[in-house]
Amino acid sequence: LMILALFASSLTLVVGYWRGFELIELFLFTLAMAVSAIPEGLPAAITVTLAVGVSRMAGRHAIIRRLDAVETLGSVTAVCTDKTGTLTTNQMTVQKIFLAGRMVDVSGIGFQPEGGFELDKVPLKASEDESLAMFLKIAALCNDASLKTHKEEKDRWEILGDPTEGALVVASAKAGLQKSELDESYPRIDEIPFDPKNRYMSTIHRTASGEVLALLKGAPETILDMCSRVLENGKLADLTREKKDDYLAAGSQMAGEALRVLAMAYVTIAPEEIENFKSNGPGNLIFSGFSGMIDPPRPEAIRSVKLCKRAGIKVTMATGDHKVTAQAIAREIGIYEEGSKVLTGQDLDGLSDDELDGLIQESSVFARVSPQHKHRIVQSLQRRGHIVAMTGDGVNDAPALKAAEIGIAMGITGTDVTKETADMILTDDNFQSIVNAVEEGRVIFENIRKVVKYLISTNAGEILTILVALIFLAINVLIFTPVQILWVNLVTDGLLVINLAMEPKEEDVMDQPPRDPRANIINMDIIKNVLFVAAFMAAGTLFVFTRELNGGDIYRAQTLGFTTLAMFQIFNALNCRSRDKSVFQIGLFSNKYLIVAIAVSVILQMLATTLPFFQMALGTVALSLNDWATIFAVSSTVFLADELRKLIKRKGMRSD
């Protein structure tokens, strides 16, 4: 743009010298023209646009850590998201407990420790059922979460720790088994932390009699493979292959009801066997049962997924849940559709990169995945040409977040490492906030385009007016003075362009397909519109100038021409508020900052022709009401013509 502006200024200098204008006067004129034509306000306007966008995103629970990520958000074509807390409410509730052939229903919702247990609609008490009591003890002890009342609202309960573990603590509390009391009775002496590869965690406790009790919880298939016995109706029995298959079928049925299924097991070991238990892994366990819990989908997540699909954005869910559970939740939210593929971490391990690339487009759900799998998913989507936004909360999610164009960390559950790696942090861990951020990214890019379009069209109008006047008007005076050119640059470019960057979103911003990140800001559509507007501005300004010049008063002619050009640019600011919508469709006063800036610009332009100080500095004269009426009538033609162009374009789009 600067090169083009300098070329136009140099051409003006050559043509003016050829026309016989005085060199010093011509030099000052072309220097003022160059200063006005170079869009020096563009960097400031883009920075303001980005900063305003960042502020809007913060108000919608998305904190941007890198300013350039704002623009990238508008190009996102795929969002790969976790399930728990992001797509769901993050208030897990145990609804069913499977005890070796018996399915127990659990009442109560949320974190309130209120409810009970029923077997075939008959109340069941843990104090009277050894299998249920053992299951709930494991659930509470093999657990790092705790249940507490809210500091300020004593009737409201909250979980400190993982919501899944919190749901198990709440279920135990419903039976009167308080975790704090159990921790005193069965002090923890060692543990095996949860590992995504192992898919289980274990805690080791000392009993009152001095025995060592190892408790485990984890993926059903993993825990069952390590069990050789089962606690069945309070008695130990051998766990046969047939029973294991029956139990796995029961777990699959629970998962098919969108329940997240965890298995519980235990074993008593000698104190000297603890290190061997930890190093060689658990074995010969006693199976206790399954917990089936649900984290209901967020209503806004369902709406946001629909919005993503409307906007041409692929939504993929990657979770550690069972395949059937993940598919059921994804179907309810709208991510999974009939014909889509559901892949597990085990499936991914058996696929080459080329094979994964062939399946990734049709795959919407990834279950039982590790952070390493998430990294592969991101890379595969990128190889298929996607711009990927990836969510994560654990330390091991950092590589996947770094690989994605937009790494998104959870502000509530995310680790410090994840937040440091991420480009964006969600303060509410909500999928809707991701979609809001993508929407704002699109709005920001469109506003940058509006600013660029305005600057180029107004500068092109000035340059075309000056060159046509120099080449075709047989006069020995310049159409504007150098100071008048600088004034127009100050009053229009300076005031209006910054406020044009504050333009609110257009309603259909998410109805458009994602923008190609390689696409130029200045596209052919903008170039055509610039030429269209520049021609109107030049023709109208020259008409007013020559009409008055025929009367012989050069100062009045320059004042009228100068004011007409300024008013053209003010009307053009209204044109640039939308590419194809009428300003009356988007709301004439919806951008109140721009309306105020337009009012200030008009007042300043009136003062420039009224106050003696400005008349002396700018070389202007006072204008009559008839003069102002003529100026408004002529300069408004650019607004009316562009409104007509938009109307024709909209009709053409509707007919298509």
Side-chain angles (χ1 to χ4, degrees), residues 54 57-70 72-73 76 78-92 111 143-146 158-167 193-197 201 260 295 297-298 300-301 304 315-321 326 329 333 345 366-379 381 388-438 440-441:
V54 168
M57 288 183 189
R60 301 179 80 176
H61 306 290
I63 306 298
I64 299 297
R65 297 189 66 251
R66 281 188 14 251
L67 199 60
D68 58 342
V70 175
T72 308
L73 275 164
V76 165
V79 178
C80 190
T81 176
D82 198 359
K83 176 183 73 69
T84 304
T86 310
L87 294 169
T88 57
T89 60
N90 208 19
Q91 282 213 342
M92 297 292 286
F111 296 148
N143 200 310
D144 293 322
S146 59
E158 59 184 2
I159 290 294
L160 301 181
D162 182 75
T164 300
E165 292 195 316
F194 176 78
D195 187 328
K197 292 181 180 178
M201 73 170 287
R260 184 175 186 182
D295 185 8
R298 294 177 183 263
E300 64 270 24
S304 297
V315 182
T316 301
M317 186 175 83
T319 177
D321 283 353
I329 289 288
I333 292 173
F366 295 88
R368 289 285 192 243
V369 293
S370 66
Q372 290 74 23
H373 294 137
K374 291 181 180 180
H375 190 249
R376 283 195 69 196
I377 293 166
V378 169
Q379 291 179 319
L381 285 167
V388 185
M390 178 77 193
T391 68
D393 53 10
V395 173
N396 294 332
D397 288 332
L401 266 61
K402 195 169 184 65
E405 281 79 4
I406 299 292
I408 305 170
M410 301 296 108
I412 299 173
T413 60
T415 61
D416 290 340
V417 172
T418 313
K419 293 174 185 176
E420 284 298 319
T421 306
D423 305 295
M424 183 171 81
I425 300 172
L426 302 182
T427 60
D428 60 352
D429 293 7
N430 192 336
F431 181 79
Q432 184 182 38
S433 298
I434 301 173
V435 181
N436 289 343
V438 171
E440 288 294 345

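We're numbering straight along the sequence, starting at 1.
Separation of atoms CZ (Arg376) and OG (Ser370) is listed at 10.0 Å; rounding is to 0.5 Å. To the nearest 0.5 Å, atoms CG (Asp195) and CE (Met201) are separated by 12.0 Å. Annotation: the span from Met424 atom CE to Ile434 atom CD1 amounts to 6.0 Å, rounded to 0.5 Å. Separation of atoms CD1 (Ile63) and NZ (Lys419) is listed at 11.0 Å; rounding is to 0.5 Å. Between the CG atom of Asp162 and the CG atom of Asn143 there is a distance of 8.5 Å, given to the nearest 0.5 Å. Distance check, rounded to the nearest 0.5 Å: NE2 of His375 to CG of Asn396 gives 12.5 Å.
Within the 4.5 Å cutoff, no side-chain heavy atoms of His61 are placed close to those of Leu426. In this structure the side chain of Met57 reaches within 4.5 angstrom of the side chain of Leu73, judged on heavy atoms. In this structure the side chain of Asp397 reaches within 4.5 angstrom of the side chain of Lys374, judged on heavy atoms. Using a 4.5 Å heavy-atom threshold, the side chains of Gln432 and Arg298 count as separate. At least one side-chain heavy atom of Val79 sits under 4.5 Å from a side-chain heavy atom of Phe431. Counting heavy atoms from C-beta outward, Met92 and Glu165 have side chains that stay 4.5 Å or more apart.
Between Ala367 and Ala326, the shortest heavy-atom distance links the atoms CB-CB, 3.9 Å. The two residues Thr421 and Ala398 have their closest heavy-atom pair at CG2-O, 3.5 Å. For the residue pair Ile377 and Ala318, the shortest heavy atom distance occurs at CD1-CB, 4.4 Å.
Of the possible polar contacts, one joining the Arg65 side chain to the Glu420 backbone as a donor-acceptor pair under 3.5 Å is found.
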Taking only distance into account, with no hydrogens and no angle test, what donor-acceptor pairs under 3.5 Å do side-chain atoms of residues 400-415 form with protein atoms, sequence neighbours excluded?
unit_1	atom_1	unit_2	atom_2	d
Glu405	OE1	Gln382	NE2	3.0
Glu405	OE1	Val388	N	2.9
Glu405	OE2	Gln382	NE2	3.4
Thr413	OG1	Asp429	OD2	3.2
Thr415	OG1	Asp393	O	3.4
Thr415	OG1	Thr418	N	3.3
Thr415	OG1	Thr418	OG1	2.6

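Lys83 pairs with exactly one of Asp321, Thr319, Thr391 by the side chain to side chain donor-acceptor pair (under 3.5 Å) rule, that one being Asp321.
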